[in-house]
Amino acid sequence: RNGAVPRQSYCEPLKVRYCSAAMFYNNTGLSPSEQLHSTHLMQHFRLVIESRACHPHLFAFLCLRLAPICLTGLGRRSEDEGAVFLPCRSFCEAMRTDCEPKINVLLDLQWPRALYCSELPETNCVSPDTMHIN
């Protein structure tokens, strides 16, 4: 999907625990049931996030990957229809390189399939340092 246009979705209010109060966006392209699943996944990473054992952007990456940002008002027909932006592949790869060994040790977990980087775009995505649409 390198260079792909962001996928269209109906934006939902961001309700993933941890992310909803701390992130710079209010809407996601996930349904309420998908957001509940993402909340459960986030709970697994709480120890790593709170220990600050790996990359300082891990929390933001997890939120962006597990509850991707959805922006409305980008020329879509419906007020609720928006474009979903995922984190950039290079952002994901930086997180995996730095955090996977620590997740293995601290949580006795392998890097989860939900966080694999290969399907993430390099354009029309959220970049690591500036947290903006690339």
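Scored by the salt bridge (charged side-chain N to carboxylate O under 4.0 Å, His left out) test, R65 finds no partners at all (sequence neighbours excluded). For P13, the side-chain contact (heavy atoms from CB on, under 4.5 Å) criterion is met by K15, not counting sequence neighbours. Checked against side-chain hydrogen bond (donor to acceptor under 3.5 Å, both in side chains), N104 has no partners two or more places apart in sequence or in another chain. Here K102 pairs with D98 under the salt bridge (charged side-chain N to carboxylate O under 4.0 Å, His left out) rule; sequence neighbours left out. For T39, the side-chain contact (heavy atoms from CB on, under 4.5 Å) criterion is met by V16, R17, Q43, not counting sequence neighbours. Looking at residues two or more places apart in sequence or on another chain, you find a side-chain contact (heavy atoms from CB on, under 4.5 Å) between L36 and H40. Remark: E100 pairs with R96 by the salt bridge (charged side-chain N to carboxylate O under 4.0 Å, His left out) rule, at least two apart or across chains. In this structure, the side-chain contact (heavy atoms from CB on, under 4.5 Å) partners of S33, at least two apart in sequence or on a different chain, are S31. For Q110, there are no side-chain hydrogen bond (donor to acceptor under 3.5 Å, both in side chains) partners at least two apart in sequence or on another chain.
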Test side chain to side chain contact (heavy atoms under 4.5 Å, CB included) on Y18 and M23 and set out the steps. CA-CA 9 Å; Y18 313 116; M23 290 304 288; over 6 Å; no
Determine, step by step, whether F91 and L120 satisfy the side chain to side chain contact (heavy atoms under 4.5 Å, CB included) criterion, reporting the C-alpha distance in whole Å, the side-chain angles of both residues, the deciding distance to 0.1 Å, and the verdict. CA-CA 9 Å; F91 187 6; L120 294 175; over 6 Å; no
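To the nearest 0.5 Å, the span separating SG on C117 from CZ on R89 amounts to 8.5 Å. Distance SG/C54 to CZ/F59: 13.0 Å, rounded to 0.5 Å.
P32 is listed as a side-chain neighbour of E12, based on a closest heavy-atom distance under 4.5 Å. Considering only heavy atoms from C-beta on, C88 stays 4.5 Å or farther from V126 through its side chain. Between L62 and L115 the shortest side-chain heavy-atom distance falls below 4.5 Å. Taking the side chain as every heavy atom from C-beta outward, L14 and N26 never approach each other to under 4.5 Å.
Nearest heavy atom pair, residue F61 against residue P87, reads CE1-CG, 3.8 Å. Looking at every heavy atom in both residues, L106 comes nearest to A53 through CD1-CB, 3.8 Å. V84 and G29 make their closest contact through CG2-CA, 3.8 Å (heavy atoms, listed as atom of the first residue, atom of the second, distance).
Under the salt bridge (charged side-chain N to carboxylate O under 4.0 Å, His left out) criterion, the residue pairs touching residues 33-50 are R46-E50, with sequence neighbours excluded.
Looking at E122, its side chain does come within 3.5 Å of a backbone N or O of S90 through a donor-acceptor pair.
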